[in-house]
Each structure stands twice: as structure tokens, then as C-alpha cells.
Amino acid sequence: MSEATPVRTRFAPSPTGYLHVGGARTALYNWLYARAKGGTFVLRVEDTDAARNTAEACQAIFDGMNWLGLTWDEGPDAGGDYGPYFQSQRSEIYERYLTKLTDADLAYEDDGAIRFRVPDRDITVNDTVCGSQTVNLHQQGLTRWDEEKSENVAANPDLVIRRPDGSFIFHFVNVVDDIEMKISHVIRGMDHLTNTIKHIALFEALGATPPVFAHVPLNLNADGSKMSKRDQGAAVGDYRDNGFLPAAVNNYLALLGWSPKDDREVFSMEELVEAFDLPGINQSNSRFDYDKCLWMNAEHLKALPATAFAEAAMPFVEQAGLPVDDDRIDAALELVQPRIQVLSDAPKWISVIFADEIEVEAEAGAKVSSRDDADSVLEALSSSLAAVSDWNDDDIKAAIVEAAGGLGVKMVALMLPCRVAATGSASGADLIPMLRLIGREKVVARIDAFRQSL
RNA sequence: GACCCGUUCGUCUAGCGGUCUAGGACUCCGCCCUUUCACGGCGGCAACACGGGUUCAAGUCCCGUACGGGUCGCCA
């Protein structure tokens, strides 16, 4: 029977001006589940709080989801049979459902507002992640916690579903929309778990069968605090700007609160769809680990074909003002692909190839200049490299070996001085290919200049 | 305050009564590889919140405590 019910999941964000990673993960789980089950993923914008909802705020959500590749089958722009997909445009539907309630005497007016008559009986939610719990809302709602007084005060257990100004309350529209949009599975944050009892009461009062619920644990900062907009890694847009791959972010987010139950960690989107299922969702909150997210991105970067990597890196190269038409760009990118963690690192690593002048980092420079033989080492390097007629990797290496031989030291001893003098840094991409790309004249000139500065 | 959910290495997690002297991953450290820098390979440090039960046997089941999170709105 349930097999016959088509899977329809939804992500219902409220436009806040950015897509939060917590929201993105919820969206991902809904998307993944719909894809895995051959179902439909619906995007619905919960913009009933008109004051703070703007077109730009909505666009930020769409941009974030599009970047992640979490495309929706129904929703804004995509259309669908159950629109409109903005709650602000669905008042007529809500009025119709409200009439159902009032006609059945399940709602009544109270001081201009309208309240739903909460039933005085046990209601049970069977959550896929958290198990089942039973509550009598009527009895529990008799008192309520007063924040200012710090004590419980008498309360009306009946739920306000429409304000005196005619606007509807979240709990009501949320349920109505899920009924109207034929949502089969509600996958959302654990913060809604307790509210779900209210929702079920509403579903039942409206004569609808509640969907399957799966409340996923929350993501917190590394220190256990709540993630807010300013926190590192909180906004999806930052990942795009910092050179993360969407697949890597999805991969990391998927693993934060869900596990395939084996030792696999690096997944493509297709593999994620294949492996994802509701029982794999964990029950406890998790903390965001930016380092591991970086590692994940590096893994995805390394797995990219060289052309795809170059394509992904190019915007960052261009933004840094590097000569994108230079024929050494592709070779340079190939050199850094296995080494960088985020695409935005690429320009830093390769800019030294194209720069007219370089600045030697103080710490790196000191490592070389503090050596007694610094001057003779640099001189040997300079003259040896200057004499290379065919500037290729083998001959460059041979020249360094030769310089070392002349000084009676191993080649290894010259690598760091050479790197620092030619690139200005003690670390970076594979040195000999780097020297090749920089070019003989520049390499020699830089070594000489560094020697002068000693 | 009431109610709800949770608690395995610093972090993400595997574990669904014996195979756990608790496995994998990130981070950190060491070794190897190597022309440097990295990658990679190998190895190391590091956890069952606490207390009671149940059981021949508990990380795994039950109860309590502590801690963390959430909900109690005419916010979403």
C-alpha cells in the first residue's frame, strides 16, 4: 500500500538572505531521498512573514541550492500542479481549509484571532529517526513558560492559527501545504520534533493522513554553539566563493548526521543517491569540522579530470588578475591540482610563475640567508642554471646536480635555497616543473636578486 | 519550570548481548618513498558521561543522575 504512494519530499525555507548549511543539509536529505525513491522534490518558500522577506532574500536561497545542484522538480520557476509555491500567494487555499475547521467547529474566534481546538486526547508521532512519543496537547498546553517571569503561567491550550490581521500562523500553513502538495515524507530539523504533535492534530482535524516524519539532528559549531550567519562555514555562498566543489560540500554535509554504515567517505552525488536512506540518519547533534570539509574538498579536487579542474579553477585565476590566455596556465594548474584544498588557493600557488617581481617571505628567506654557505650556493645555482641551453625538466635537474657537485654537497641541499630564491616561498608546487614554467631568465634573475639582498 | 530528544577517540562516525585488548575518517606526531614541496604508503597518540540493575555475558537492554540540545508565541 505504502509502496503505491509516490514519494514527495519538500524543502520549505524561510528567506533569510542566505542559505544556511543546516538548511542545505536538510534540503540535501530531502533531495537525496526523492532521487533515491524516484520521487518528487518540492521547493516551497515560507514567506508568510512579509516584513523580512524580499526578492533578494529568496534569490539567495535559490542560488545556493542551484549551486549545490539540489534542483527542485516543483517550486518557484519550476512550476508544478500544486502551486503557487510561495506561501504569501496561497491565502485563498488557507481560507478554504480554515472554513473546513470552522464548519466542523474545530476552530473559533478569540479576540480577533482564530484558534484551533486542540483535542483532549493522546496523539502519537512515530518518527523515523527519534522513535515514537505520545502527548496530550490539551493537557500539556494548560500552562506555558513565561520567559520574563521565569515561571509557568496559565495558558489557552488551543493553537492560534490566524492572527487578527488575517495572516496565518506557520503551523497551520505548513500542514495545509503539506496536505495540498501531497507531501509523503517530511524530513526536517530536530527543532520541529515537539511541534510535530501539533501538526499531526491538524492533519487529523483536516481529515488527512499525516506524512512520514524524519527529524534530523542539528549541526552546531565546532564549540557546540548554534551556527549563525557569521560563523565560519555557515553560509553556502561562502563555499562557492572560497573554491569548494558543490559535490564536496554535499558529500561533507551528507556525512554530518547520516552514515552509510560502512567505511566509505568520499561519494559522488550519484553514489550518495545510491547509498542514502532514512535509517542511516543519526540521532545526536553534530559539530561542524571545517578541516575535514577542506580535506573532503581536496579529495574531490584530486578526482577531477584535469580539464574539469582547469575549468573550475579558471574563475579564481581570472579574478586574481593572472593572464588566463598564457599557454602555461594549464600546465601550472595541473601542477597544483593534487596539492590544493580549495580552488581559491590556485592563484596563490601559480602567480609566482607570471609575476615580474617576487617578494621573498621573511621566514623562508631567513632559512636560506642564515646558512654560512648561502652566497656560494646561490652563485653556483645561478651560473649553473644560466648555462642550461635547453630549458626542460631533465636539464634543469642536471644543472642543479652539477651545482651541488661543484660545492661538494648533495642536490637536496640546494633545493630549498633554489625554491626560496626562485619562488619566494619555502613551500609550493613541484619545484623543477615550476622553474621550467617560470623560465630561465626569470629564475636566474631572481636568484641573483636574492643573493644581492643577503 | 514542564515536556521531548540525545550522550563511543578533540571532531565526524562503525558498533543493533559474546567476534570489542572498541573499527574507519579528519586533525596532530613518527617512519618510509622522494630532487624539494606535496601526494601516497605504513605506524602512533586518543573514546564507550557517571551510578545502579537485568544477564553466564553490556558500548550494546532497563532505571536513575549529570551534561548537551530542543519545544512550550498572535516567529518560522
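Here is the naming used below: chain letters follow the sequence lines, and residue numbers restart at 1 for every chain.
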Any residue in residues 142-152 of chain A with a heavy atom nearer than 4.0 angstrom to RNA chain B? Just list them by number, or reply none. R144(A), W145(A), N152(A)
Taking the side chain of A113(A) as its heavy atoms from C-beta onward, which of C74(B), U13(B), C72(B) lies nearest to it? C74(B)
Q139(A): which residues meet the side-chain contact (heavy atoms from CB on, under 4.5 Å) condition with it, sequence neighbours left out? D120(A), N136(A)
K302(A) side chain N/O closer than 4.0 Å to the phosphate oxygens (OP1, OP2) of G40(B)? yes
Suppose we screen for ring pair (Phe, Tyr, Trp, His ring centres under 6.0 Å). Which residues come up paired with Y239(A), at least two apart in sequence or across chains? F244(A)
Kindly give the heavy-atom pair with the smallest separation between L385(A) and C418(A), and that separation in Å. CD1-SG, 4.4 Å
So which nucleotide does C20(B) pair with, by the Watson-Crick or G-U wobble rule with both distances under 3.5 Å? none
Produce the list of close N/O pairs, under 3.5 Å, pairing protein atoms with atoms of nucleotides 17-21 of chain B; give distances to one decimal.
none

Do E379(A) and L407(A) come close enough that some side-chain heavy atom pair is under 4.5 Å? no
Any chance you could list the contact pattern along nucleotides 59-70 of chain B? Use B for base contacts, S for sugar-phosphate-only contacts and - for none, protein heavy atoms under 4.0 Å, 5' to 3'. ----------SB
Nucleotide paired to C31(B) in any strand shown, Watson-Crick or G-U, under 3.5 Å: G41(B)
Can you name the residues that form a side-chain contact (heavy atoms from CB on, under 4.5 Å) with I281(A), not counting sequence neighbours? Y29(A), V129(A), V216(A), P217(A), W258(A), F276(A), L278(A)
Verify the ring-centre separation between Y252(A) and H300(A): is it less than 6.0 angstrom? no
Looking for any heavy atom pair under 4.0 Å, which part of the strands does D127(A) touch: base, sugar-phosphate only, or nothing? nothing
Answer with base, sugar-phosphate or nothing: what part of the nucleic acid does G141(A) contact at a heavy-atom distance below 4.0 Å? nothing
Under 4.0 Å, heavy atoms only, any strand: does H171(A) hit a base, just the sugar-phosphate, or nothing? base
Check: protein-nucleotides 24-29 of chain B nitrogen or oxygen pairs below 3.5 Å:
unit_1	atom_1	unit_2	atom_2	d
A25(B)	O4'	E265(A)	OE2	2.7
A25(B)	O2'	E265(A)	OE2	2.4
A25(B)	O2'	K292(A)	NZ	3.1
A25(B)	N3	K292(A)	NZ	3.0
C26(B)	OP1	W295(A)	NE1	3.4
C26(B)	O2'	K292(A)	N	3.4

Using a cut-off of strictly less than 4.0 Å, decide whether S259(A) has a side-chain nitrogen or oxygen near OP1 or OP2 of U13(B). no
In Watson-Crick or G-U wobble terms, with both distances under 3.5 Å, the base opposite C61(B) is G53(B)
Please work out if L431(A) contacts a base, only the sugar-phosphate, or nothing of the nucleic acid, heavy-atom cut-off 4.0 Å. base
Side chain to side chain donor-acceptor pair (under 3.5 Å) contacts touching residues 223-233 of chain A (sequence neighbours left out): N221(A)-S225(A), N221(A)-D231(A), D223(A)-S225(A), S228(A)-D231(A)
Applying side-chain contact (heavy atoms from CB on, under 4.5 Å) to Q133(A) and not counting sequence neighbours gives V125(A), V135(A), L193(A)
E180(A)/R44(A) salt bridge by N-O under 4.0 Å criterion: no
Contact list please: residues 410-428 of chain A against RNA chain B, heavy atoms, distance less than 4.0 Å, in numerical order. M411(A), V412(A), M415(A), R419(A), A426(A), S427(A), G428(A)
Classify I432(A) by what it touches in the nucleic acid, base, sugar-phosphate, or nothing, heavy-atom distance under 4.0 Å. base
Report each atom pair, protein N/O against N/O of nucleotides 43-47 of chain B, whose distance is under 3.5 angstrom.
none

So, OP1 or OP2 of C3(B): does either fall under 4.0 Å of a side-chain N or O from Q140(A)? no
Suppose the criterion is side chain to side chain donor-acceptor pair (under 3.5 Å): which pairs have a residue in residues 142-153 of chain A, not counting sequence neighbours? none
